[in-house]
Amino acid sequence: MWKNEIFQISRYFGVSCGNVTLDEQFRIPCLTVKDGNKVKGIATIAKYIAKNCKQQNGILGASLEDQANVDQWLEFRSSRLDRYGTEKDLSSVLKELNSYLSSRTFLVGSSVTLADLLMFYGLHSVYSDLSYFDKQRYMHLSRWFRMMQLTSGVKQKLETIPFQRNLIYPCHGVAH
Amino acid sequence: MKLYTNSGNYETIKILISGNISGQRLEHVEVQNSGEVKCQLFSDRFPVLEVSTSLVLQSPNAACRYVLAKGGKDIDDIHIDEWLEWESSVLKPSLLPYLVSLLNKSQVDNKLAANLQPCLQHIEMALKRTGYIYGASVTAADIVMWSTLSPLLSGKDTAAISPTVLPATYGWFKKMVDDASFKSAAQVVAQNKPLSLEVFKKSLLSLTLPTTGGVDSLSKRFKAGCNVASGQTKTN
């Protein structure tokens with residue numbers, strides 16, 4: 001998954017990607033860049049790719065405040081979403097995202113940032129296993145996910161995750 | 001800026017050090033539970049830095065870097081990004097269960113100690129090169145690592161990790177204790193008591209630790225085309 005994700009992020013930014021391997025000692029992805037140096041960790045690699053792209057357009061956050069918020073969500077991705085051990089851990093991650101997004105369109109600010117991109121790629125495999133019931137239960141997260149899926153250049157060759165147009169289960173199933 | 005924290009939290013030290021270094025005034029508010037925090041939270045973890053009504057930072061590392069940057073003291077470098085990500089996604093998941101087991105059983109859990117060793121060696125190797133985690137002066141990487149290691153390195157009660165195998169780490173830890181920015185931040189969190197594992201006990205025991213098995217899901221993530229099994233019962 002990581003390997004594909006890093007290719008997708010490179011493609012999103014229109015840059016070529018170095019060789020991606022697994023750092024065996026710490027079980028984290030490792031990108032070998034042009035000068036032979038290594039960059040490790042999914043969030044750090046994504047940031048590296050974005051920083052090396054000429055047209056950033058605030059993708060890392062337009063202000064100091066937005067940058068800190070992007071950093072916070074990148075960390076959430078690598079330390080929480082990537083490390084859930086049980087079903088309960090995963091549902092608490094999804095619940096937190098759902099509640100945060102209940103009053104927001106994007107994770108940070110008013111346009112797509114690297115935080116949205118990395119969270120979308122990390123959640124894609126989770127969403128492809130979710131039932132319609134769960135997609136409705138995490139309705140704010142699902143609305144954000146659908147929007148990301150429709151954003152130009154994001155989904156690429158990933159499978160389109162289907163959503164129901166109307167509520168199909170009584171509303172008390174919604175997680176707040 | 002308001003810094004909400006529970007008592008004796010090692011993560012709070014990071015943000016206070018950054019405030020001291022960058023000259024940013026932080027209003028330190030000690031609370032018992034998340035219900036007392038007025039801003040919107042997405043979890044009940046502490047500390048929380050309330051930057052404004054629209055921005056609340058719940059990642060201590062992001063908060064630490066933000067406070068440094070606000071005073072023009074942060075260095076934008078991919079290696080610092082890497083160290084901070086490693087601390088939150090690799091070091092903490094190995095270190096925290098070890099500390100909690102020490103507090104619960106007062107004896108060393110060999111398996112948890114073995115998991116932690118490669119992380120400590122990784123830090124030791126970096127410190128051997130220049131005396132700092134990265135580069136030739138104190139950066140966010142030193143601040144973050146020093147605070148996270150303080151429950152482990154500050155007391156005799158953790159002697160399972162011997163100073164003889166980590167000379168550079170212990171040397172660096174002691175040197176920083178004498179730095180005014182580090183010293184005063186540690187004193188605030190330890191309430192003027194000497195640093196020890198005991199100082200952090202209550203806040204460490206209140207943590208919800210991620211269940212083991214996280215590493216298995218990491219390996220799965222690396223395999224191309226393999227979905228991370230969520231095991232949800234499908235109703236569609």
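Quick note on labels: first sequence line is chain A, next is B, and so on, each numbered from 1.
In terms of heavy-atom proximity, B:Glu85 sits nearest to A:Ala43 at OE2-N, 3.1 Å. The two atoms that bring B:Pro118 and A:Phe26 nearest to each other are O-CZ, 3.7 Å, heavy atoms only. Annotation for B:Tyr66 and A:Leu64: closest pair CD1-O, 3.8 Å, computed over non-hydrogen atoms.
The parts of B:Val90 that come within reach of chain A are both its backbone and its side chain, each placing non-hydrogen atoms under 4.5 angstrom from that chain. Only the side chain of B:Leu55 has a heavy atom closer than 4.5 Å to any heavy atom of chain A. For chain B, no part of A:Leu74 is nearby; none of its heavy atoms comes within less than 4.5 Å. With a 4.5 Å cut-off on non-hydrogen atoms, A:Gln25 touches chain B through its side chain but not through its backbone. Contact of A:Ser92 with chain B is not made at all, since no heavy-atom distance falls under 4.5 Å.
Taking the side chain as every heavy atom from C-beta outward, B:Asp76 and A:Lys51 approach each other to under 4.5 Å. Side-chain contact between B:Lys92 and A:Ser79 is absent, with no heavy atoms from C-beta onward closer than 4.5 Å. In this structure, the side chains of A:Gln72 and B:Val56 stay at 4.5 Å or more apart for every pair of heavy atoms. Residues A:Trp73 and B:Ser59 fail the side-chain proximity criterion, which asks for heavy atoms closer than 4.5 Å.
We find the CD-OH distance between B:Glu82 and A:Tyr48 to be 11.5 Å, quoted to the nearest 0.5 Å. Separating the NZ atom in A:Lys40 from the OG atom in B:Ser89 is a distance of 12.0 Å, to the nearest 0.5 Å. Distance check: B:Asp81 CG to A:Ile45 CD1 gives 12.0 Å after rounding to the nearest 0.5 Å. Atoms OG1 and CD1, on A:Thr44 and B:Ile80 in that order, are 11.5 Å from each other to the nearest 0.5 Å.
With chain B as partner, the option from A:Val108, A:Val70, A:Asn69 having the largest number of non-hydrogen pairs under 4.5 angstrom is A:Asn69. Between chain A and the residues B:Arg65, B:His79, B:His122, the most heavy-atom pairs under 4.5 angstrom are made by B:His122. Contacts with chain B were tallied for A:Lys47, A:Glu65, A:Gln164; A:Glu65 has the most, counting heavy-atom pairs under 4.5 Å.
Counting non-hydrogen atoms of other residues, nucleotides and ligands closer than 6.0 Å to NZ of A:Lys155 gives a total above 12.
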